[in-house]
Amino acid sequence: MANRFAKRIFDSLITDCDYGIDLHTAAVRRTNFPNIRGDLSDPKVLQLAQAFGIGILLNGGGPEGSLRREATKAGCPTIVIEGGEVWKFEPSVVDCMVNGVKNCLRFLKMLGGKAELCETLMTIERSTWIRAERGGFLEFHVSPGDVVKKGQPIATNSNLLNREQNRLDAPFDGVIIGMTTLPAVQPGEPVVNLGRLVSTRRNTLLDQRENFFDDDLHRAAHQHFSAVVTVVTVSRPPEPDS
């Protein structure tokens, strides 16, 4: 039945569209800082992604059979915007989504006025889920939207007696795209989705961080997500495994 619904919607709606914007939340028990995903090698997809105005662009065509991939292949350049949690009404995420859709309508000359764009765009070619090495309880040291340096603490894993078992550190410079909202984890479960950032002589990691949060929408979203996830300062080095 799901396949039949999908085909009817695709044939009746998607194939007649010029562009597509697919609004998403994160999966259950996860949250995402607002970001755009699409096949940025397609010029029309790239233009639409840039027009939306969110500062994080994640390059990727999407899984086989996904809406963005199949719609783009069918001649309807499509982007996916991920933001926030499922089953929640989050004003800062809604503001990003509404502002972005209006920006795209202005870009396509379907709406008057001037687009409100983020001046700093972070293009992510690859992201990696940092996973729990052991089961336990997490103390987070970052929140969604944070820009982190290689080696910076991400989360500390402790046991029931609150003894540190190990600490997860950033394997490279990046931006926190998404993360789990559950403090309890099993070995191998995803903790943080880290998008790789590349610093250049003219665009250092610090410059990207400062310019990114000069934007009112992103600053408001970051403040919101910092309140959603409890961030704890690293107080001591991790104890070695016994």
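Hydrogens, waters and symmetry mates are skipped; everything else that's a heavy atom, side chains included, is used. If you're wondering where the values come from, they're calculated on a predicted model, not measured in any experiment.
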Test log, rule side chain to side chain donor-acceptor pair (under 3.5 Å), inputs Glu133 and Asn166
CA-CA 8 Å; Glu133 298 174 5; Asn166 70 299; 3.2 Å; yes
Any side-chain donor-acceptor pair under 3.5 Å between His141 and Thr156?
yes
Does any N or O in the side chain of Glu139 come within less than 3.5 Å of the main-chain N or O of Val232, such that one atom is a donor and the other an acceptor?
no
Would you check if there is a donor-acceptor pair between the side chains of Glu82 and Asn35 at a distance under 3.5 Å?
no
In the structure I gave you, are the side-chain heavy atoms of Glu70 and Glu64 within less than 4.5 Å of one another anywhere?
yes
Which distance, rounded to the nearest 0.5 Å, do you find between the CE of Met97 and the NE2 of His24?
9.5 Å
Could you state whether Phe107 and Val45 fall into the same hydrophobic cluster, counting links through intermediate Ile, Leu, Val, Met, Phe, Trp or Tyr residues with side-chain heavy atoms under 4.5 angstrom apart?
yes
Side-chain (Asp146) to main-chain (Ser143) donor-acceptor, under 3.5 angstrom
yes
Nearest 0.5 Å, what's the CD-OG1 distance between Glu189 and Thr180?
7.5 Å
Side chain to side chain contact (heavy atoms under 4.5 Å, CB included) test vs Val148 passes for just one of Val175, Leu197, Asp173, Leu194, namely Leu194
How far apart are the closest heavy atoms of Gly61 and Ser66, and which atoms are they?
O-OG, 4.2 Å
With a 3.5 Å distance limit and no angle check, can you tell me whether Asp18 reaches the backbone of Cys76 through a side-chain donor-acceptor pair?
no
Roughly how far, to the nearest 0.5 Å, is CG of Leu48 from SG of Cys104?
4.0 Å
side-chain contact (heavy atoms from CB on, under 4.5 Å) between Arg106 and Lys114: does it pass, once the steps are laid out?
CA-CA 7 Å; Arg106 294 184 179 107; Lys114 184 179 180 181; 5.7 Å; no
Give a yes or no answer on whether the side chain of Thr123 reaches the backbone of Leu57 with a donor-acceptor pair at less than 3.5 Å.
no
Residue pair Val191 / Leu138, side-chain heavy-atom distance below 4.5 Å
yes
Looking only at heavy atoms, which two atoms of Ile36 and Ile81 are closest? And how far apart?
CG1-CG1, 4.0 Å
Determine the minimum heavy-atom distance between Ser127 and Ile177, stating which atoms define it.
CB-CD1, 4.0 Å
Validation row: Phe137, Val185 side chains within 4.5 angstrom (heavy atoms)
no
Residues Pro171 and Ile130: closest non-hydrogen pair is CD-CD1, 3.6 Å
Working to the nearest 0.5 angstrom, can you tell me the gap between Met122 CE and Ile56 CD1?
6.0 Å
Minimal heavy-atom distance between Ala132 and Gln186, with the atoms involved, is CB-O, 3.6 Å
Spacing of CD1 belonging to Ile54 relative to CG belonging to Leu58, to within rounding of 0.5 Å:
12.5 Å
If Ile, Leu, Val, Met, Phe, Trp and Tyr residues are connected whenever their side-chain heavy atoms lie under 4.5 Å apart, and connections chain through other members, are Val101 and Leu111 in the same group?
yes
Output, in order, the C-alpha distance, side-chain angles, deciding distance and verdict of side-chain contact (heavy atoms from CB on, under 4.5 Å) for Asn99 and Phe52.
CA-CA 8 Å; Asn99 185 74; Phe52 197 91; over 6 Å; no
Ring-face cation of Arg30 near Trp129 (centre distance under 6.0 Å, axis angle within 45°)
yes
Residues Asp16 and Ser12: closest non-hydrogen pair is OD2-O, 3.5 Å
What's the separation between atom CG in Leu67 and atom CZ in Phe10, rounded to the nearest 0.5 Å?
7.5 Å
With a 4.5 Å cut-off on side-chain heavy atoms, are Lys44 and Tyr19 touching?
yes
Using only atom types and a distance under 3.5 Å, with no angle test, would you say the side chain of Asn193 pairs donor to acceptor with the backbone of Gly178?
no
Side chains of Phe140 and Ile154: closer than 4.5 Å at any heavy-atom pair?
no
Treat each ILVMFWY residue as a node, draw an edge where side-chain heavy atoms are under 4.5 Å apart, and state whether Val94 and Leu23 are in one component.
no
Counting C-beta onward and ignoring hydrogens, is there a side-chain heavy-atom pair between Ile79 and Arg68 closer than 4.5 Å?
no
Spell out, as yes or no, whether a donor-acceptor pair under 3.5 Å connects the side chain of Gln50 to the backbone of Gln47.
no
Derivation of the side-chain contact (heavy atoms from CB on, under 4.5 Å) call for Glu85 and Thr25
CA-CA 5 Å; Glu85 295 181 61; Thr25 65; 5.8 Å; no
Can you find a heavy atom in the side chain of Met179 that is under 4.5 Å from one in the side chain of Thr31?
yes
Go through the side-chain N and O atoms of Asn59 and Glu125 and say whether any donor and acceptor fall under 3.5 Å apart.
yes
Treating Ile, Leu, Val, Met, Phe, Trp and Tyr as nodes and any side-chain heavy-atom pair under 4.5 angstrom as an edge, say whether Ile124 and Leu46 lie in one connected cluster.
yes
CZ/Arg131: more than 12 non-hydrogen atoms of other groups inside 6.0 Å
yes
Look only at the side chain of Gln152 and the backbone of Lys149, and say whether a donor-acceptor pair between them is shorter than 3.5 Å.
yes
Kindly indicate whether the side chain of Asp39, heavy atoms from C-beta on, has any atom under 4.5 Å from the side chain of Arg69.
no
